[in-house]
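Worksheet: one structure, shown below.
Chain letters run A, B, ... following the sequence lines, proteins first, then strands; residues in each count from 1.
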Amino acid sequence: MPDAVLQARSPLHGLARSGHHGRAGPAGLTIVERTDIAFASVIARRGQRDALASAVRASFGLALPDGPRRVGKDGVAFAGIGPGQWIASGENAGDLAASLRERIGAFAAVADQSDSRLVLHLSGARVRDALVKGVPIDLHPRAFKTGDVASTLVAHVGVQIDMLDDAPVFQLTAPRSMAGSFWSWLTASAAEFGYDVATK
Amino acid sequence: MKYSAFALFREALRGHSGWTPAWRKAVPKPHYDVVIIGGGGHGLATAYYLATEHGITNVAVLEKSYIGSGNAGRNTTIIRSNYLLPGNEAFYEWSMKLWEGLEQSFNYNAMVSQRGVLNLYHSDAQRDAFARRGNGMRLHGVDAELLDREQVRRMAPFLDYDNARFPIHGGLLQRRGGTARHDAVVWGYARGADSRGVDIIENCEVTGLDVVNGRVMGIETTRGTIQADKVGMAVAGNTSRVAALAGLRLPIESHVLQAFVSEGIKPAIDCVVTFGAGHFYISQSDKGGLVFGGDIDGYNSYAWRGNLPVVEDVLEEGMAIWPGLGRIRMLRSWGGLMDMSMDGSPIIDRTPVTGLYLNAGWCYGGFKATPASGWCFAHLIARDEPHTVAAALRLGRFASGAVIDEKGAGAQPNLH
Amino acid sequence: MRIPCPYCGPRGNEEFSYLGDASVRRPDPAIADATQAFHDYVYLRDNPSGGHSELWYHGGGCRRWLVVTRNTRTHEIGAATFADAGGEP
Amino acid sequence: MSAPFRLASGGLIDRGKPLSFSFDGKTYNGFAGDTLASALIANGVKLVSRSFKYHRPRGILTAGSEEPNALVELRSGARREPNTRATVTELYDGLVAASQNRWPSLALDVSGINDLLSPFLAAGFYYKTFMWPAKFWEALYEPLIRRAAGLGRVAGAEDPDTYEKAFAHCDVLVIGAGPAGLMAALAAGRAGARVILADEDFRLGGRLLAERHEIDGRPGAAWAAGIEAELSAMPEVRIMHRTTVLGVYDHGQYSAVERVNDHVATPPIHEPRQRSWKIVAKRAVLAAGALERPIAFGNNDRPGVMLAGAARAYINRYAATPGKRLAVFTNNDDGWRTAADARTAGIEVVAVVDSRAAKSELSKLGFSTMSNSRVSHVDGKQGVRAIDVVGANGRATRIECDALAVSGGWNPAVHLTCHLGGKPVWNDEIAAFVPGTRPPAMYAAGATNGAFTLSRCLTGGIAAGAMAAGDCGFDFTPITQPRADDEPAAVTPLWHVKESRAKAFVDFQNDVTAKDIALAHQEGFGSVEHLKRYTTLGMATDQGKTANVTGLAILAEASGRAIPQVGTTTYRPPYVPVSFGAMAGHHRGRDFRPIRLPPSHAWATEQGAVFMETGAWLRAQYYPRAGETDWLQSVNREVAATRASVGVCDVSTFGKVAFEGPDAAAFLDRVCANTLSTLPVGKARYALMLREDGFVQDDGTVARLGPEYFVMTSTTANAPRMMQHLEFCHQVLWPALDVGMVSVSEQWAQFAVAGPRSRDVLCKLIDADIANAAFPYLGAREVSFGGVSARLFRLSFSGELAYELAVPARYGDAVIRAIMAAGAEFAITPYGIEALGVMRTEKGHVAGQEMNGQLTARDLGLGRMMSTRKDYIGRVMAQRPALLDPERPAFVGLRPVERSARLRAGAHFIPVGAAATIENDEGYMTSVAFSPTFGHWIGLGVLKRGPERIGQRVRAYDPVRNGDVEVEVCSPHFFDPEGARLHA
């Protein structure tokens, strides 16, 4: 093919403007769109869950979680999204799906999902106050801790929420095709507290 | 006493001392020719037409609570005959014809108001689907008009034409459709049936059906045993429970449908409007309250209460078509038990038990059907053969495949 | 309602889709009266007032089909289990 | 000028913050801390509204959200808010309010004539007349009735304010922040529970704010402020002011509305007007207090007649007095406190009328007391001039006064205990209903629970809070009970003063009188529900909060039964009316539901595409070019260009599901009507799916990319439901099958490149041999596209040589641009879904219009796809007799006999020359298109015995669009029936 390498576009292309938005003053939360994280769905073969778990332990040094939790190491993480089902992610991991297929493909169905979702990292003192305007699950520190994962409906959009650390930092992923509507809800909800948008 | 402006005038001058009960508080007799289980609109209409059309007056209507305590008194009062499929359309049009002469017939003002029912469409494909329905209505001799966006705007300028998620492309209008005062329909039929000798027995719950050699002999009730030659069931959401007393299993699930009313406001909407990109319908009562509703709660239930997600959906859909409602308040919501059938269409038929007749499967469309349902059920019970306009509404259609599936949703009640 | 998803925890019913009675079983099409059996399977329901075991799909969460035992009169929920035993036969 | 009825001192108002407001165009002054009602009272405004039916002059009856009378239109223009309760409207500077339901003015409302006509307007009068002649109802009677009815007016424009929804979770939800609620929250909070304390008011304290009670030797309001301070300091306690809990739902869900900015003229930027909350609580404590009830006597609705507890609220909390010469009418001890507080505030108390024989110990207070007496009549129209009191001897005495405080006793606010079906039970000691079976996990405390004295409220609150926290696993740390009195609260019911001559109102807003209730009973509407429905008792905006129990009691008297025998009252959500805006929140206008955009959307926008909603998606409908005046021109050009050379269309919206595993092929055989296990690797095949009831559900293509790896597409509209269906088949029907299934719809951008030159275009972009021999029709393979791994399918919806190219979605935008660049030399043309539809119609492919859920595979000419060698979903039920009936309408093509005629989908087929009746209905047109290829309209449809009638003519009858076109029946495959082009 004659052309130069293809230009990738983020789901928020043309929607998110870097800088401060909403109420003036110190930002209540910071929103970062991440386009450098690869994702792949991992579904255990019938009866192969344990074999898969040991393969994951061998290849990545990670104990595959049984419930809606995530484990990570060296930028690679596995988040439980259903019984026998995980979303693997890797920062700057290149073709994550291919390497997963190679290492654990014998025990699981693997599908690349790197392009399927809008990925946001949210942090800041008021992040929970903004999220409660659409997130139906309890994000109180007693109820949702670092490493917890939840798949739920937020403002009519299917969203996966991972709590990355106690700062707190939340990772929200939403279907790529709904990025615009999801962004409309998120920014409307955050405006009251003032928010900064950054891209990485 | 006949109701009239004169009677009202006379009574006003003597402190209303002359008014008598609208219907007797009857006590059960040991035997009736026909017993109707269910003192809702359908049951009372059946008794009324048994008396007026078939001369059968040794009839009892059994109601476990007070008459009209079920869906007859918990609906959004819409009447229409704008159905797609022949099996339904002839029936609902017969119902509309009966509505048109009802009040003079039973001498009660049920406030039948033919203010028009407007179904909005939001895409070309939906327009063509509505055209198919409207053309079918016209083939039945029923009025139907397909309006474009501007015609709809002239009828209902307050709808959202400029900023809608699902823009309004036009609408299918049945001018003869409209609303009626639900309680008045119940009381009118009750009063009409009572005055012709029908016993209306309230606070009388059916606890058993005496079936001997495949034939129904009588009924066990909380007020004693009643013998009956023929028994008709018109119990909506409780159909499966009553049918089970005769060992019957039916293509029906019971689901909750909520209805809503707003605070009273000055006249704001002159017809019934339905939203085509969701499930929402709204009109305004003569008292001024906006009467509206949406989809069923979506799961089997015998609890007379609605859930919160549907309340939110319904009010979101209201705002979606009528943005000016933002500061109007929802006053009250309530839930009724719908007898959702497997194809979304009703059943008026015999049962495998001789002498036991079934009137069910009204889904959330029972109110508009009240007159024709009573008319056809009375015909079936009196003549033991289905009325022509209800000929397709038979139990056997599920086995034969001749289902009447308006929505094309398949055998899943909560999708109809 | 709040449905206790065995994977996700209690969630509002708006995250779920409902498919009715879980006690009916798809018949073997090879049997003699398969047509009657399929008719009953597809169309006939007990529709009880009281205990009911029913199918819910957690499409807004873990995408698992659940068998939920629920009282249709009180909406009280007894148990919720994976229809396929968690994909672990 | 200072307000004439404002007390010189006292109250919880901030006299340092004067506020100006207007009512019916006249300007008044009030203070911060006032409500609109208290400010009107302070300014001596007694007449504030007109009643619903008789248009009687009305004043302010209560001091809370139960107010039936004082409803106003608040604000103006697009913010006009009808039926707003003045009693809970916080005063703000510049507030504008107007009375409603009157003309020309509040003082002289011509509809006041209804009051004189009232003998003719008795309960249910409209059911008995207006029936003749029939057509007059819509033409005359109803418009008149509708115009007279209704209250305020809806705003004419979209609400400019914004709204939000929000979720909250807690261990203990405390509803109401009076003495019981404060104690409950404190007890639960100290135990360490996560507590939410919600109260309607803008200030915590409940009745304490309205009374002169002392707790621990401090004024009640000050004590409450102290508790609030302690609660605010607890990290796990959240206090929600201005928040009304509206409803109780299954499994511990509560709905509430927070009036975030109703107390300011307009909300600050970025802030909503209101916020609707969904609260999930493990336990709840209902401490909603009690509502005072009126007594029915002649003209008890006159402005200046007020509930005794409300009078205390205005005097004690707002330093506003309802009158200068106050009389009190009570059937209980509590009413006396109004006299006492009024005197303390320096207001002359002309008489205390107590219906009870036994002298209350309170009569020692030294008021001019008339015991064993009843107020039978109020003199005055737009205000109180005097009252007639009937004593034990039956003789009436007239007493001059300008205000009357009435106490008929108190009804516990049991409403929320009823929302899940609970029925309140009658309690003789307090002559009121108390909570019966409560919702699971809900406790009731304080007056709501029938505890009518302060110290009992405090005790009950502590106990409930402790139990609720304990249930959630928190150890209770004992709280010393604050000191407070057990003030006298005895009551002897009096519902209706028989000696009344004038109307004695029970439901004030709906003008339901004691007489109406008697009449309803006389006419047989003796069940509580019939009474409500027949008289409209309790159906007004206040939901009968001040009327239901009294109405029930009067019905009991009329029918000679005891109240519990007559029945009980039940309540449904919402506790107070809630705005559409609050419940809709963010989801209005374009945000009503999410919009899905395909990867080429930005590019298509640059091209000036016209978009249309298809399900959740917004797709390019067509791409108009300069000079094209209507859509058909553009679509014709797009079709012609594609058939002549090459076109490109974004088809990313199809559902895409990946199947992987040893049983993938077997699984697909069971969900599809046709066989897919025989599909070779590297090949794709059309797939048809039925519902279990035998009707067509969806279609798509299945490509086998590896021995155990398949990708299936489903139609755009059905994609979500198909995913659910496939998961059902796998998890519920055949869980043993070893196949992993996942949606990859969002992962892949997919473009159809169609037309004779499509191969030439793709050859420039793909490093792979896609010549016909190497990559024939229905081929499927992975390719590299500019270094990106992509998938190429040789599929054709258009009937042309065509491909579908799938690339990771992030490159979708770049790829459409690359395709357009590479295709430039072939004059490649982007086409939208209109042209797509035209080409598939020319080709005779079925689509959504045909798969309407009412047609079978046979109906659609796809019967041959139904395998006879295997079981699959729908196989058995598809064999039912009615579905095999040869008379069923079946799939055909149609073309107008008069070639210039236009066809329209939705037209019905009737035989030529036959009457347009349903008996002659032979089917309908499912799809139409103008075919630039043939130069005339073509159609697809289902026609009775259609396939046997090729060449015959029928009428396409379309009366709703004045269409009646004679059409010729033909094969649905108009274009290239042999498929020479797609194999090229």
Problem - Closest heavy-atom pair and its distance - Phe667(D), Leu726(D) - result: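 Answer, listing the atom of Phe667(D) first, then Leu726(D): CZ-O, 3.5 Å.
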Practice task
Please name the pair of heavy atoms, one in Gly812(D) and one in Ala749(D), separated by the smallest distance, quoted to 0.1 Å.
Solution key: CA-CB, 3.8 Å
Handout entry: Over 12 foreign heavy atoms within 6.0 Å of CZ, Arg17(A)
Key = no
Handout entry: Within 6.0 Å of CZ in Arg721(D), more than 12 heavy atoms from elsewhere
Key = no
Handout entry: Asp760(D) bridged to Lys764(D) by N-O distance under 4.0 Å
Key = no
Handout entry: N-O pairing of Arg49(A) and Asp66(A) below 4.0 Å
Key = yes
Handout entry: Ring centroid separation Phe785(D) to Tyr811(D) under 6.0 Å
Key = no
Problem - Which atoms of Ser114(A) approach chain D - backbone, side chain, both or neither, heavy atom under 4.5 Å - result: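 It is both, since atoms from each part get that close.
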Handout entry: Region of Arg117(A) in contact with chain D, defined by heavy-atom distances below 4.5 Å
Key =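 Neither part.
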Residue, of [options], that accumulates the most heavy atom pairs under 4.5 Å with chain D:
| options | value |
| --- | --- |
| Ala109(A), Ala8(A), Pro136(A) | Pro136(A) |
| Ala143(A), Ala191(A), Ala188(A), Ser10(A) | Ala191(A) |
| Ile43(A), Asp112(A), Leu139(A) | Asp112(A) |
| Arg23(A), His140(A), Gln113(A) | His140(A) |
| Met178(A), Arg142(A), Glu192(A), Gln85(A) | Arg142(A) |
| Ala111(A), Ser41(A), Gly180(A), Gly134(A) | Gly134(A) |

Handout entry: Side-chain donor/acceptor of Glu746(D) to backbone N/O of Pro175(A), under 3.5 Å
Key = no
Handout entry: Backbone N/O of Ala193(D) and side chain of Asp171(D): donor-acceptor pair under 3.5 Å
Key = no
[options]: which one forms the most heavy-atom pairs within less than 4.5 Å of chain A?
| options | result |
| --- | --- |
| His601(D), Lys165(D), Arg593(D) | Arg593(D) |
| Met741(D), Arg275(D), His586(D) | His586(D) |
| Val815(D), Thr653(D), Ile595(D), Val280(D) | Ile595(D) |
| Glu660(D), Gln747(D), His270(D) | Gln747(D) |
| Ser789(D), Ala809(D), Gly585(D) | Ala809(D) |

Handout entry: Neighbourhood of chain D inside residues 150-160 of chain A, taking heavy atoms under 4.5 Å as contact
Key = Ala155(A), His156(A), Val157(A)
Practice task
Report yes if some heavy atom in the side chain of Gln171(A) is under 4.5 Å from a heavy atom in the side chain of Val169(A); otherwise report no.
Solution key: no
Problem - Contact check, side chains of His121(A) and Ile37(A), non-hydrogen atoms, under 4.5 Å - result: yes
What part of [X] is in contact with chain A, defined as an atom under 4.5 angstrom from a non-hydrogen atom: side chain, backbone, both or neither?
| X | answer |
| --- | --- |
| Arg817(D) | side chain |
| Ser743(D) | backbone |
| Trp748(D) | neither |

Practice task
Nearest 0.5 Å please: distance from the CD atom of Gln7(A) over to the CZ atom of Arg810(D).
Solution key: 11.5 Å
Practice task
Mind checking the CG-CG spacing from Asp148(A) to Leu164(A)? Nearest 0.5 Å is all I need.
Solution key: 11.5 Å
Problem - For His21(A), the option from Tyr195(A), Phe193(A), Trp183(A) that meets ring pair (Phe, Tyr, Trp, His ring centres under 6.0 Å) - result: Tyr195(A)
